[in-house]
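First comes the structure, then the notes that go with it.
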Amino acid sequence: MRASSPGVRKSMQSNKSRDTKPELALRRAVHALGLRYRVSMRPLSAVRRTADLVFTRARVAVFLDGCFWHGCPEHHTKSATNADYWAEKVRRNRERDAETDKTLHEAGWRTIRIWEHEDPREAAVRIAEEVRRSD
């Protein structure tokens with residue numbers, strides 16, 4: 001599908017896939033708790049899914065989901081243009097998220113999903129508890 005206008009195209013091209021403000025805040029908070037991790041890595045090399053933070057020894061994969069892109073029940077808004085396209089895009093993203101969680105779980109991994117609007121310090125504590133649970 002093509003962008004509905006040159007402005008939309010420019011906006012879409014500027015969306016970052018990593019190192020977003022919420023991701024950097026979460027990484028700082030997790031690092032401050034003494035945890036070390038890999039960034040933007042595939043937990044399973046054979047599966048084309050990239051986690052935002054990966055704790056290889058603990059086998060924990062963290063995904064920081066954007067409210068718009070993943071259909072946050074609190075903050076997701078419907079697009080004013082191409083509404084059907086975006087609704088389908090979000091539906092497919094949520095379906096893929098569930099498939100990713102299932103695939104990783106079957107391979108012995110635990111997944112944590114964090115919404116971009118969550119407090120990074122609270123999310124970091126949740127992550128630390130899960131990572132340390134496997135020690």
Side-chain angles (χ1 to χ4, degrees):
M1 165 155 248
R2 291 186 141 342
S4 58
S5 72
V8 168
R9 179 177 171 76
K10 184 177 180 182
S11 174
M12 294 301 296
Q13 287 177 328
S14 68
N15 284 330
K16 295 164 61 168
S17 63
R18 62 172 279 182
D19 300 335
T20 62
K21 285 181 185 179
E23 187 179 329
L24 292 174
L26 179 63
R27 291 192 333 221
R28 276 192 299 273
V30 170
H31 192 273
L33 294 177
L35 297 176
R36 301 303 177 255
Y37 47 82
R38 295 195 175 256
V39 175
S40 196
M41 177 187 165
R42 291 182 185 181
L44 301 174
S45 59
V47 179
R48 248 186 96 217
R49 299 291 196 277
T50 303
D52 296 300
L53 302 175
V54 178
F55 299 87
T56 53
R57 234 180 268 131
R59 297 175 68 92
V60 173
V62 179
F63 297 88
L64 183 62
D65 294 337
C67 291
F68 176 80
W69 301 105
H70 296 267
C72 170
E74 284 182 54
H75 300 107
H76 179 71
T77 57
K78 292 184 179 181
S79 177
T81 55
N82 291 333
D84 292 339
Y85 169 80
W86 289 111
E88 178 62 15
K89 171 75 171 156
V90 170
R91 186 197 66 74
R92 286 191 322 264
N93 285 350
R94 292 177 62 98
E95 192 174 87
R96 187 176 56 249
D97 292 345
E99 177 192 329
T100 298
D101 291 350
K102 181 178 182 275
T103 301
L104 289 174
H105 178 74
E106 289 171 351
W109 285 76
R110 291 177 311 232
T111 59
I112 299 173
R113 295 229 170 238
I114 310 285
W115 287 111
E116 71 175 325
H117 68 264
E118 289 185 57
D119 180 278
R121 292 173 306 271
E122 291 175 15
V125 168
R126 213 167 86 219
I127 292 166
E129 288 170 354
E130 189 65 32
V131 168
R132 292 181 176 138
R133 195 177 74 134
S134 65
D135 288 346

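Nothing here was measured: the structure is a model prediction, and the numbers come from that model.
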Quick one: pull up CG in Leu24 and NE2 in His31 and give me the separation to the nearest 0.5 Å. 13.0 Å
Sorted by chain and residue number, the side chain to side chain donor-acceptor pair (under 3.5 Å) partners of His105 (sequence neighbours excluded) come out as none
Search all heavy atoms of Ala128 against all heavy atoms of Leu33 and return the closest pair with its distance. CB-CD1, 4.0 Å
Note: Thr50 and Ser40 closest approach over all heavy atoms is CG2-C, 3.3 Å
Heavy atoms, side chains only, cut-off 4.5 Å: are Val30 and Phe55 in contact? yes
If I take atom CG from residue Leu64 and atom NE2 from residue His117, how far apart are they, to the nearest 0.5 angstrom? 10.5 Å
Can you list every salt bridge (Lys or Arg N to Asp or Glu O under 4.0 Å) pair that touches residues 26-41, not counting sequence neighbours? Asp19-Arg27, Glu23-Arg27
By side chain to side chain contact (heavy atoms under 4.5 Å, CB included) - contacts of Asn93 (at least two apart): Trp69, His70, Lys89, Arg96
So, taking the atom named CG in Leu35 and the one named CZ in Arg132, what distance separates them when rounded to the nearest 0.5 Å? 4.5 Å
Inter- and intrachain pairs under salt bridge (Lys or Arg N to Asp or Glu O under 4.0 Å), touching residues 40-50, at least two apart: Arg49-Glu99
Among residues two or more places apart or on two chains, list those pairs meeting salt bridge (Lys or Arg N to Asp or Glu O under 4.0 Å) that have a residue in residues 105-118. Asp65-Arg113, Asp97-Arg113, Asp101-Arg113, Lys102-Glu106, Arg110-Glu130, Glu118-Arg126
Do Trp109 and Val47 sit in the same hydrophobic cluster, where Ile, Leu, Val, Met, Phe, Trp and Tyr count as joined when their side-chain heavy atoms come under 4.5 Å apart? yes
Hey, does Val131 have a side-chain heavy atom less than 4.5 Å from the side chain of Tyr37? no
Ala51: side chain to side chain contact (heavy atoms under 4.5 Å, CB included) partners, not counting sequence neighbours: Pro43, Val54, Ala61, Phe63
Is it true that Met41 and Val60 fall in one hydrophobic cluster, defined by side-chain heavy atoms closer than 4.5 Å? no
Ile114 and side-chain contact (heavy atoms from CB on, under 4.5 Å): which partner among Asp119, Val62, Asp52? Val62
Flag the pair Glu95 and Arg91 as a salt bridge only when some basic side-chain nitrogen lies within less than 4.0 angstrom of an acidic carboxylate oxygen. yes
Closest non-hydrogen atom pair, Trp115 against Arg94: CH2-NH1, 4.3 Å
